[in-house]
Amino acid sequence: MPTVLSGRTLAVAATATALLATGLAAHAATAEEAAAATNKVLVIGIDGTVLDRVKAANAPNLNGLMAQGLTARSTLYANPMAATSSGPGWSTIATGVWPDKHGVKDNSFTGKNYTAHPDFLTRIENAKPALNTYAAADWEPITSTDQNGPIFSAKVDKRLNLKGDRDGYGSEDPKIAAAASAELRDQNPDAAFVYLGEIDHAGHTSGAASQEYLNAIARVDKLVGQLLTAVQSRPTYGQENWKVLVTTDHGHTDSGGHGGSSIQERGTFVIAKGTGIPAGSVRGDVKLVDVAATALAQVGVAAGSAVDGIALDAPDDGDAFDTLRPNLQARVDETGIPAATKGFTHTPPAGWSVDNSKMGTGGVTEWAGWAFATDEFWSQAQRDQWRELNVRSRDVFAVADSDEWDDKSHTGSYDSTLITPKWAVSGGTTKNLTFQTHYRHEAGQTAQVLVSYNAAAPAVVKSYTADAVAGSESIALQVPAGATDVQVRFRYSGSNNWYWTVDNVRLG
């Protein structure tokens, strides 16, 4: 049987030949130097930027970072969790948690909870006050108290705020870049965030499909290059280990605008370069919350469960569903999903199975029993029904969707069970079953987690009777005496009801 690799493992494998070509001795020396270096991080935020338009623009610095490091597309939430606007977007990037935690749903900042979920620079100050932090922006809520903010708190050592209103980003961005470059080159920041807003302005005035949008990307790319040059011009750069991340808060439609639930508005990305990030790598399991987690890890601040993100260079978590990405297919019956988008399969990963013996026949092919899909694929099947809120699933996840299945004639009802491999256990112990879940409930449907020891009859350990949206589940399993294996089942049944997703299923 061929070995199937996860998204992170594929990224590493794709660059293995290049690494070998540099020579093992040189690679070892680089690792030793990095271990002894002073770790620093720079996060560059470019507002309202569409990744495909960056690739099409005259943007040698951004495209160079992609070639030298990681490129990762990601998608946002939508209402009712939050609008695809700057307030929620930059709050998510800065805090490393989703809007259901940080509380910012739109640009009014009503409900913000930065006290419980501070920005990553503030977390660094709280944990290691000797480190130097810096933030610069020309969208006022990021660094100023004038408008609903600041997202980056007063604990940050140095904050620069300029007013880049709808007519001012073209003139204010160069001032931000110049001041930040001087700080990066001549001072000693350990962690920095720099924001540039002109691209978003071009999106609003001319649309993402316009030449003016490409021109704005080219101008901002030069400013990004100025920041990178400043870092590399530091007198102590040779003794430092920098990680650079570039990200955006939301996308734009071709005609201009954002805030809604289209995949264009929800589209974001993370570009990253630094130790532990293979050159030219591409991943599908990265989320915006990972920016803060990566910045914190780079300077040695342990965030743990305080943030929703995972550091980009953290060890591969080995999620079985992610191994299916190379096998994903394009649409069959669905019409709202672009024909070129490959994002579903009914073939489970090795050791897993799906029991459709109680399923009706017919229905929409993509959702005939438990399927494995990506957010880009599944959420476009039908917008604005909370599918966009499945933010805690990563890359490929399992989904049972009786609502979409019912959109084509069928006999019988939806009743499908996803079954894990048999996992070894020791009798008399306690094991924690954990997974990410996104469940929308309606009367007439059932969702159950069942457990079977040593092939005995499955017993229900969890039933869902109300919405459980974008959550993390942990179920303590009391392993009976004499048991040597356990198998878990996820059974979903309904008839034109809603849906259930599970991801990253773990035991112990």
Side-chain angles (χ1 to χ4, degrees), residues 75-82 98-101 103 105 261 266 308 321 334 336 344 346 354-356 358-360 363-364 366-375 377-394 396-408 410 412-420 432-451 458-477 488-506:
T75 47
L76 290 175
Y77 38 74
N79 282 318
M81 180 176 282
W98 295 109
D100 57 1
K101 288 185 180 179
K105 293 189 172 185
S261 61
R266 294 174 59 219
D308 292 327
F321 300 154
E334 287 285 3
F344 95 99
H346 282 295
V354 175
D355 180 3
N356 283 336
K358 297 181 179 180
M359 272 291 297
V364 174
E366 288 88 335
W367 318 115
W370 279 96
F372 306 91
T374 63
D375 175 75
F377 189 90
W378 181 55
S379 63
Q380 290 193 91
Q382 182 63 56
R383 284 166 52 186
D384 298 318
Q385 293 182 341
W386 296 15
R387 289 177 181 82
E388 300 90 354
L389 277 56
N390 187 35
V391 292
R392 288 180 173 85
S393 290
R394 290 174 178 263
V396 182
F397 51 87
V399 56
D401 192 334
S402 68
D403 175 63
E404 281 300 294
W405 177 73
D406 185 72
D407 286 352
K408 187 176 178 181
H410 59 84
S413 61
Y414 192 108
D415 193 335
S416 182
T417 301
L418 173 65
I419 307 172
T420 71
N432 284 324
L433 174 68
T434 60
F435 54 92
Q436 306 300 324
T437 186
H438 179 60
Y439 175 73
R440 192 167 188 191
H441 185 73
E442 186 177 53
Q445 75 182 38
T446 60
Q448 298 175 323
V449 182
L450 305 97
V451 173
V460 176
V461 295
K462 175 76 176 182
S463 293
Y464 291 91
T465 57
D467 291 337
V469 178
S472 300
E473 194 71 80
S474 179
I475 302 172
L477 303 181
V488 181
R489 289 169 167 80
F490 300 88
R491 183 183 178 187
Y492 174 89
S493 64
S495 183
N496 193 26
N497 297 117
W498 287 114
Y499 47 75
W500 188 18
T501 76
V502 296
D503 193 28
N504 202 27
V505 182
R506 306 281 171 176

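Side-chain atoms are counted along with the backbone in the values below, which use heavy atoms only and exclude waters and symmetry mates. Starting from 1, each residue takes its place in the sequence as its number.
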Please confirm whether the backbone N or O of [Y] pairs with a side-chain atom of [X], one donor and one acceptor, at under 3.5 Å?
X: T417; Y: R489; result: no
X: E366; Y: E334; result: yes
X: D308; Y: W98; result: yes
X: S402; Y: N497; result: yes
X: D467; Y: H441; result: yes

- Task: Pick out which of T501, D503, D100 makes a side chain to side chain donor-acceptor pair (under 3.5 Å) with R392.
- Result: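 Among the candidates, only D100 passes.
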- Query: Just one of Y499, W367, W498, W378 clears the side chain to side chain donor-acceptor pair (under 3.5 Å) bar with D401, so which one?
  - Reply: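 Of the listed options, the one satisfying the test is W378.
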- Item | Lys/Arg-Asp/Glu bridge criterion (N-O < 4.0 Å) met for D375, R394 |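 Salt bridge between D375 and R394, a charged N being under 4.0 Å from a carboxylate O: no.
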Nearest heavy-atom neighbours spanning [X] and [Y]:
X: S474; Y: T434; value: OG-CG2, 3.8 Å
X: Q448; Y: S463; value: CG-OG, 3.8 Å
X: Q445; Y: R440; value: NE2-O, 2.7 Å
X: A470; Y: M81; value: CB-CE, 4.0 Å
X: W405; Y: G412; value: CH2-O, 3.9 Å

- Taking C-beta and beyond as the side chain, do N496 and D403 meet within less than 4.5 Å on heavy atoms?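 Side-chain contact under 4.5 Å: yes.
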- Task: Could you check if a side-chain atom of R383 sits within less than 4.5 angstrom of a side-chain atom of R266, using non-hydrogen atoms only?
- Result: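 No - every pair of side-chain heavy atoms lies 4.5 Å or more apart.
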- For the residue pair H346 and F344, categorise the inter-ring angle as parallel (less than 30°), tilted (30 to 60°) or perpendicular (more than 60°).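 Taking F344 first and then H346, their aromatic rings stand perpendicular (interplane angle over 60°).
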- Message: Tell me whether the rings of F372 and F321 are parallel (<30°), tilted (30 to 60°) or perpendicular (>60°).
- Response: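 Tilted: the ring planes of F372 and F321 meet at 30° to 60°.
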- Give me the one residue out of W386, F490, Y464 that meets ring-ring contact (aromatic ring centres under 6.0 Å, His included) with Y439.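 Option passing the ring-ring contact (aromatic ring centres under 6.0 Å, His included) with Y439: Y464.
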- With W370 as reference, evaluate F397, W500, Y414, Y492 under the ring-ring contact (aromatic ring centres under 6.0 Å, His included) test and give the passing residue.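 Filter result, single survivor: W500.
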- Message: Rounded at 0.5 Å granularity, tell me how far OG in S261 sits from CD in Q380.
- Response: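 So the gap between those two atoms works out to 10.0 Å.
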- Item | Residue among T437, V449, L433 satisfying side-chain contact (heavy atoms from CB on, under 4.5 Å) with V505 |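 The residue from T437, V449, L433 that satisfies side-chain contact (heavy atoms from CB on, under 4.5 Å) with V505 turns out to be L433.
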